[in-house]
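Each remark here refers to the structure printed beneath this line.
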Amino acid sequence: MNQLENTLTSLEVAEMVGRRHDHVLADIRQIISDLGEPKSGGSSETIDINTFFVESTYRSAQNKELPCYLVTKQGCEVFGNRMTGAKGTQFTVGYVGRFNQMEQHIKQ
């Protein structure tokens with residue numbers, strides 16, 4: 001569980017939702033793109049993407065450095081809200097449980 005930090009990796013998210021990591025990366029990149037688009041109503045307010053997703057890397061089994069994201073609780077909420085059906089529900093239950101564990105660990 002990502003050292004009980006306050007993020008999950010996109011690899012963990014992919015495992016939780018039963019999808020390939022490259023597909024999860026594509027979804028996250030699309031969310032980031034959507035968040036960077038101008039908002040309706042002409043608001044010039046910018047969104048700090050790092051409150052949702054932080055670019056990172058990991059070492060593969062072949063010792064290659066590959067891209068991933070650190071996903072905050074807010075990022076999980078955004079990602080989960082885009083999913084429908086049983087997988088979306090299962091992911092929401094999973095990430096809520098993981099973040100609750102992290103919060104309990106921090107309190108101790």
Side-chain angles (χ1 to χ4, degrees):
M1 177 176 11
N2 199 25
Q3 305 290 332
L4 286 175
E5 295 173 358
N6 58 359
T7 60
L8 299 176
T9 67
S10 53
L11 291 159
E12 292 171 301
V13 171
E15 184 178 325
M16 291 172 78
V17 298
R19 295 184 65 211
R20 289 181 15 187
H21 186 239
D22 60 321
H23 291 174
V24 169
L25 289 178
D27 289 345
I28 290 172
R29 289 176 180 133
Q30 183 59 55
I31 293 168
I32 290 169
S33 175
D34 293 347
L35 288 173
E37 297 204 357
K39 289 149 211 65
S40 61
S43 172
S44 62
E45 182 180 323
T46 59
I47 296 174
D48 181 5
I49 299 301
N50 289 326
T51 61
F52 303 97
F53 308 103
V54 178
E55 285 188 63
S56 188
T57 59
Y58 72 99
R59 290 258 170 218
S60 71
Q62 295 79 27
N63 202 31
K64 291 182 182 178
E65 189 171 314
L66 298 172
C68 73
Y69 284 91
L70 302 179
V71 185
T72 68
K73 186 175 182 180
Q74 285 181 305
C76 284
E77 291 169 354
V78 171
F79 187 89
N81 283 332
R82 292 173 57 104
M83 297 180 70
T84 59
K87 281 194 177 198
T89 302
Q90 290 168 352
F91 174 65
T92 300
V93 167
Y95 88 75
V96 167
R98 297 283 288 273
F99 277 97
N100 285 339
Q101 282 180 316
M102 290 181 226
E103 290 170 7
Q104 288 301 316
H105 179 77
I106 290 169
K107 287 179 183 177
Q108 294 175 352

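- The shortest side-chain heavy-atom distance between Y69 and T9 does not fall under the 4.5 Å cut-off.
- For the pair R29 and D22, the salt-bridge criterion is not met [side-chain N within less than 4.0 Å of a carboxylate O].
- Two residues are said to be in side-chain contact when any heavy atoms from C-beta on lie closer than 4.5 Å; E12 and E15 fail this criterion.
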Just do the side chain to side chain donor-acceptor pair (under 3.5 Å) check on N81 and E77 with the steps written out, would you? CA-CA 6 Å; N81 283 332; E77 291 169 354; over 6 Å; no
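- The closest donor-acceptor contact from the side chain of T57 to the backbone of P67 lies at 3.5 Å or more, if one exists at all.
- Counting heavy atoms from C-beta outward, V13 and R19 have side chains that stay 4.5 Å or more apart.
- The distance from atom CZ of F53 to atom CG of D48, rounded to the nearest 0.5 Å, is 12.5 Å.
- Looking at T7 and V71, their side chains never come closer than 4.5 Å, going by heavy atoms from C-beta outward.
- The side chain to side chain contact (heavy atoms under 4.5 Å, CB included) test with F52 singles out one residue from I32, I47, L70, I31, and that residue is I47.
- Taking both residues in full, the closest heavy atoms of R82 and D34 are given as NH1-OD2, 3.2 Å, listed atom of the first, atom of the second, then distance.
- Closest non-hydrogen pair, S10 versus I28, comes out as CB-CD1, 4.0 Å.
- A heavy-atom distance below 4.5 Å is not found between the side chains of R20 and V24.
- One distance of note links NZ of K64 with OH of Y58; it measures 10.0 Å at 0.5 Å rounding.
- Residues satisfying the ring pair (Phe, Tyr, Trp, His ring centres under 6.0 Å) test with F79, not counting sequence neighbours, are F91.
- Considering SG of C68 and CG of L8, their distance stands at 11.5 Å, rounded to 0.5 Å.
- For the pair I49/L35, a side-chain contact is recorded, criterion being any heavy-atom separation below 4.5 Å from C-beta on.
- Residues S60 and L66 approach most closely at CB-CD1, 3.6 Å, considering heavy atoms.
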